[in-house]
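Note that these values count all heavy atoms, side chains included, but never hydrogens, waters or copies made by symmetry. Just so it is clear, the structure is predicted and the values come from calculations on it, not from any experiment.
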Amino acid sequence: MSQTIEESRRVLWLMTSASLADEWCLFEFQIAHRIAQKDVPMYLIVVPLCDIQMNNIHDPELKSFVKTNIYLQYKDARFWKRLRFALPDKPDTCRDGSLYSQSDTIPLSSA
């Protein structure tokens with residue numbers, strides 16, 4: 001899992017009440033956050049899908065991130081435009097320098 005996160009060009013982390021309570025979700029956040037701190041500032045994109053109550057955030061790294069970073073608000077009328085702006089323009093190379101192809105994508109549904 002950590003290798004996949006490290007090879008990603010961006011990480012979109014959806015913050016829900018369930019993800020705040022799940023240790024694997026928090027582990028994914030921590031990996032992406034550390035990469036963002038040392039390599040790419042806009043690497044981690046956080047979208048809260050719930051009201052953020054600081055007393056519900058127990059992970060110190062996530063709490064610090066929420067206090068000090070700007071994140072996308074799903075209820076914002078310009079959400080989709082802002083998300084497209086935050087994502088890379090051309091999906092032609094991966095972070096590790098290898099070529100990216102459409103066959104590398106994972107379908108979001110089986111339909």
Side-chain angles (χ1 to χ4, degrees):
M1 173 176 49
S2 64
Q3 181 180 353
T4 303
I5 294 171
E6 290 172 6
E7 292 174 355
S8 299
R9 292 173 42 152
R10 298 286 190 276
V11 171
L12 179 64
W13 197 71
L14 303 177
M15 186 188 312
T16 64
S17 54
S19 68
L20 292 173
D22 185 283
E23 69 181 69
W24 282 107
C25 291
L26 292 172
F27 178 65
E28 292 171 342
F29 167 81
Q30 291 167 350
I31 293 170
H33 185 237
R34 290 181 186 134
I35 292 169
Q37 286 179 316
K38 68 178 182 176
D39 287 344
V40 185
M42 288 298 296
Y43 175 76
L44 176 60
I45 303 166
V46 173
V47 179
L49 298 179
C50 60
D51 290 329
I52 299 174
Q53 302 294 326
M54 292 306 279
N55 59 345
N56 292 339
I57 300 175
H58 303 293
D59 181 76
E61 196 170 337
L62 178 57
K63 190 175 276 195
S64 174
F65 179 88
V66 169
K67 286 181 180 178
T68 60
N69 288 278
I70 298 171
Y71 38 85
L72 297 177
Q73 294 290 338
Y74 182 70
K75 295 178 182 180
D76 183 348
R78 299 178 62 198
F79 170 78
W80 293 107
K81 185 174 186 174
R82 291 174 192 253
L83 178 59
R84 279 191 295 275
F85 180 76
L87 295 173
D89 288 335
K90 295 182 181 179
D92 55 357
T93 58
C94 298
R95 281 176 32 87
D96 67 1
S98 62
L99 292 178
Y100 169 89
S101 71
Q102 291 295 349
S103 62
D104 293 336
T105 60
I106 299 172
L108 296 177
S109 67
S110 59

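The distance from the CG atom of N55 to the NZ atom of K63 is 7.5 Å, given to the nearest 0.5 Å. Distance check: E23 CD to Q30 CD gives 10.0 Å after rounding to the nearest 0.5 Å. Between atom CZ of residue F85 and atom CD1 of residue I45 there is a gap of 11.0 Å, rounded to the nearest 0.5 Å. How far CG of L26 is from CD1 of I57: 9.5 Å, rounded to the nearest 0.5 Å. If you take CZ on R84 and CG on L87, they are separated by 9.5 Å, rounding to the nearest 0.5 Å.
Identified under the salt bridge (charged side-chain N to carboxylate O under 4.0 Å, His left out) test for residues 53-62, with sequence neighbours left out: R34-E61.
Here the closest heavy-atom approach between residue C50 and residue S17 is recorded as SG-N, 3.7 Å. Taking every heavy atom of both residues into account, P48 and V46 meet most closely at CD-O, 3.8 Å. Taking both residues in full, the closest heavy atoms of Q73 and F79 are given as O-CD1, 3.4 Å, listed atom of the first, atom of the second, then distance.
Residues that satisfy the side-chain contact (heavy atoms from CB on, under 4.5 Å) test with T16, not counting sequence neighbours, are A18, S19, L49. Applying the salt bridge (charged side-chain N to carboxylate O under 4.0 Å, His left out) rule to D76 yields the partners R82; only residues at least two apart in sequence or on another chain are considered.
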CA sep, side-chain torsions, deciding dist, call: F29, W24, side-chain contact (heavy atoms from CB on, under 4.5 Å): CA-CA 9 Å; F29 167 81; W24 282 107; over 6 Å; no

L83 and L12: CA distance, side-chain angles, deciding distance, side-chain contact (heavy atoms from CB on, under 4.5 Å) verdict: CA-CA 9 Å; L83 178 59; L12 179 64; 4.0 Å; yes

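The number of heavy-atom neighbours closer than 6.0 Å to OH of Y74, taken from other residues, nucleotides and ligands shown, is 12 or below.
At a threshold of 4.5 Å between non-hydrogen side-chain atoms, the residues L62 and L20 count as touching.
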